Amino acid sequence: MTNHEIAVRFQRIADAMEVQGENQFKIRAYRKAVDTIDELGEPLADIEARGGLSEISGFGEAIIGKTRDFLTRGSTKLYEEMTQAVPQAVLEMAAIPGIGPKTVKALWQSLGITSVTELETAAKEQRIRSVTGFGAAKEQSILEAIERGRRLSERLPLFIALPYAERLANDLAHLPGVTKAEAAGSLRRRKDTVGDLDFVVATTDPAATEAAIPQLPQLTEILESGHSKIVALCNLNLRVDIRLGKPEDFGALLHHFSSGQAHNIQLRDFAESHGKKINEYGVFVTESGVEESIIDGNADESAIYAALGLPYIPVELREGRDEIAMAARGALPQLIEESDFRGQLHEHTTWSDGSASIWEMAEAAIARGYEYLAITDHSPLVKVANGLDRDRLLAQQEEIAQVRDALAAKYGDSFTLLSGVEVDILADGSLDGDEDILSRLDIVVASIHMRYREEEAAMTKRILSAIENPHVDIIGHPTGRLLGRREPFPVDMDAIIDAAARTGTVMEINASPDRMDINDIYARRACERGVKITVNADAHSIKGLSLLRWGLYTARRAGLTPEDVINTYRLPRLLAILKDGARN
DNA sequence: GCCGTTTTCGGCCCGACTGTTTTCAGTCG
């Protein structure tokens with residue numbers, strides 16, 4: 001069984017236990033195991049083979065035993081009991097936001113309701129109010145929750161949510177009384193998709209701000225409204241959480257509502273073990289029975305960490321992985337920044353489906369302060385993108401040579417144009433280009449654009465063939481996903497990462513906002529196993545070069561440093577890697 | 001179910017809002 005398959009089963013166990021009213025800490029233990037497994041850098045089967053299951057944090061006797069059961073026989077007694085005891089349709093009721101496990105359990109037991117449809121009917125027929133603890137208002141709120149659940153968007157891609165949230169934050173900042181407003185939550189951590197929008201608002205006139213917020217045109221429905229919190233639905237059909245606070249609390253609030261829940265729980269634990277207390281209003285110590293704040297009013301996020309004796313933890317890392325432990329021992333990575341990039345290695349021109357010429361792209365790169373840029377137009381298979389056949393690729397080489405001369409005449413030797421191709425990986429794993437030409441190019445990016453609906457084994461074999469090909473330097477957008485539109489290919493990423501490590505093949509974080517591919521978890525895993533990364537905008541225009549920031553977000557979430565990313569290197573080091581592979 | 005500078009039992013993050021049983025349980029983040 002794969003890690004994911006095991007994680008899904010532990011999740012199912014936890015969900016079922018919740019409806020059954022099991023001990024919440026027991027449920028939390030299973031949920032923690034799910035999160036841990038999702039982030040593991042190694043298949044559980046491999047970890048078990050080397051006797052390492054007990055070293056995994058949160059894995060005790062019971063969870064290790066069940067993991068072994070899943071690995072050896074594909075199931076375990078508790079899983080069978082739980083799936084038997086609690087039908088999937090019952091869990092679907094509890095999955096509706098606003099309807100929780102206690103409600104589901106009560107209605108299941110008292111009225112025998114086992115599905116969302118039955119729940120809706122019972123509420124409409126006013127049968128729910130007959131149950132102790134339930135009234136007409138609850139009936140109404142159930143109907144609204146079901147209806148809202150149908151309208152509610154799935155998680156939205158960051159590239160849609162981020163510009164929207166920035167505009168909304170700006171609108172909030174201009175409301176009466178507001179001194180500062182900022183988008184927080186997973187959006188601020190730059191997660192590739194977001195399930196809701198969080199905002200932190202500092203105000204000197206809470207009543208006026210509270211009254212003005214529901215008037216914002218983006219907000220279509222107010223779900224909750226209190227003195228420090230307003231929850232609404234916005235016209236993207238996303239939940240919006242707005243937290244109001246005093247200006248002096250802004251830093252603490254922003255910290256709390258920007259960090260992942262797991263990070264906050266761990267940070268509270270850390271604070272407690274150092275005799276301190278942290279919440280969304282600050283950091284406190286208790287001196288002779290009196291609680292005192294140990295941060296200044298108007299403290300920013302770094303002051304919060306400083307009060308706990310920790311260095312500042314960049315927001316992208318606050319997922320509750322191992323960042324607090326790393327911070328405590330002074331081992332946080334120096335995250336890569338946009339200014340670290342010396343060039344990009346995967347761009348298109350008018351030769352295929354780009355809108356700028358080679359010369360225009362080169363000058364745009366120079367304007368960005370780059371030292372190099374690789375031109376990598378499509379190979380012939382990608383007909384819709386006007387892919388280059390052998391003759392056109394040879395002709396393009398001539399133009400690249402001419403542009404190089406002209407650039408040298410105008411700018412000297414401070415900039416280097418690299419010649420390359422984005423070659424398609426065919427269904428059998430071979431490349432859509434002739435050996436002799438590939439060998440003459442500075443750089444070969446191999447990607448899949450066609451026939452991506454194969455089985456996992458076939459897709460994995462195909463990418464592995466490309467990795468083994470000595471001409472291939474980089475695997476482009478390795479999982480082929482399009483956020484919100486197309487799922488990633490089914491691939492065995494561990495096998496791919498291992499092969500890339502062995503052959504010195506570089507893996508791309510493609511920065512197209514709708515790709516962000518590979519994702520942060522894979523990038524981190526690849527890096528931990530010695531694979532080098534490249535971040536590229538895959539630009540199809542001059543403006544396209546600036547899309548790099550979306551890949552930067554992923555790289556930072558993965559904890560990458562400039563050393564991990566080859567297009568931060570100076571040219572000679574980069575060329576050595578393109579010639580011999582990126583082996584450590 | 002997990003864990004330990006409070007170590008094999010007794011804790012486990014905690015604050016905001018809603019609805020209802022009008023003092024607190026349920027839900028969420």
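Since we're looking at a predicted model, the values are computed, not measured. Proteins come first, then strands; the chains are lettered A, B, ... in the order of their sequence lines, and each starts at number 1.
- Considering only side-chain N and O atoms, A/Lys102 lies under 4.0 angstrom from the phosphate OP1 or OP2 of B/dG26.
- For A/Lys277, the side-chain atoms get nearest to B/dG15 when compared with the rest of B/dG15, B/dC2, B/dT18.
- Between the side chain of A/Glu280 and the base of B/dG15 there is no donor-acceptor pair of N/O atoms closer than 3.5 Å.
- Counting non-hydrogen atoms under 4.0 angstrom, A/Asp241 reaches the backbone sugars and phosphates but no base.
- Taking the nucleotide of DNA chain B with the nearest heavy atom to each of A/Glu61 and A/Val104, the more 5' of the two is matched to A/Glu61.
- Among the atoms of the strands shown, only primed sugar atoms or phosphate atoms (P, OP1, OP2) are found under 4.0 Å from some heavy atom of A/Tyr281.
- B/dT20 sits 13 Å from B/dT27 when the P atoms are compared, rounded to a whole Å.
- Across all strands, A/Gly98 comes closer than 4.0 Å only to sugar-phosphate atoms, never to a base (heavy-atom distances).
- Comparing the C1' positions of B/dT21 and B/dG26 gives an interatomic distance of 13 Å, to the nearest angstrom.
- Looking at A/Lys229 and A/Glu210, no side-chain N of the basic residue comes within less than 4.0 Å of a carboxylate O on the acidic one, giving no salt bridge.
- OP1 or OP2 of B/dG29 lies within a sub-4.0 Å distance of a side-chain N or O belonging to A/Arg239.
- Exactly one residue among A/Arg557, A/Arg515, A/Arg481 makes a side chain to side chain donor-acceptor pair (under 3.5 Å) with A/Asp192. That residue is A/Arg481.
- Closest to the side chain of A/Ser228, out of B/dC17, B/dC2, B/dT27, is B/dC17.
- Residues A/Glu61 and A/Lys66 are not paired through a salt bridge, judged by the lack of any N-O separation under 4.0 Å between the basic side chain and the carboxylate.
- Here the CD1 atom belonging to A/Ile518 is positioned 6.0 Å from the CE atom belonging to A/Met493, to the nearest 0.5 angstrom.
- Residue A/Ile230 is out of contact with every strand shown, counting any heavy-atom pair closer than 4.0 Å.
- Between A/Arg127 and A/Glu118, none of the side-chain N atoms (NZ, or NE/NH1/NH2) sits under 4.0 Å from a carboxylate O, so this pair counts as no salt bridge.
- Distances from the side chain of A/Lys138 to the nucleotides B/dG29, B/dG1, B/dT20 place B/dT20 closest.
- Looking at heavy-atom distances under 4.0 Å, A/Ser141 makes no contact with the nucleic acid at all.
- Separating the C1' atom of B/dG11 from that of B/dA16 is a span of 25 Å, rounded to the nearest Å.
- Place A/Gly100 and A/Gly226 on DNA chain B by their nearest nucleotides, and A/Gly226 ends up nearer the 5' end.
- In this structure, A/Glu224 reaches the sugar-phosphate backbone alone: every heavy-atom distance under 4.0 Å involves primed, P, OP1 or OP2 atoms, never a base.
- Using a 4.0 Å heavy-atom distance criterion, A/Leu267 is classed as making no nucleic acid contact.
- Nucleotide B/dT18 holds its C1' atom 12 Å from the CG atom of A/Leu223, rounded to whole Å.
- Nucleotide B/dC28 forms a Watson-Crick or G-U wobble pair with B/dG15, both donor-acceptor distances falling under 3.5 Å.
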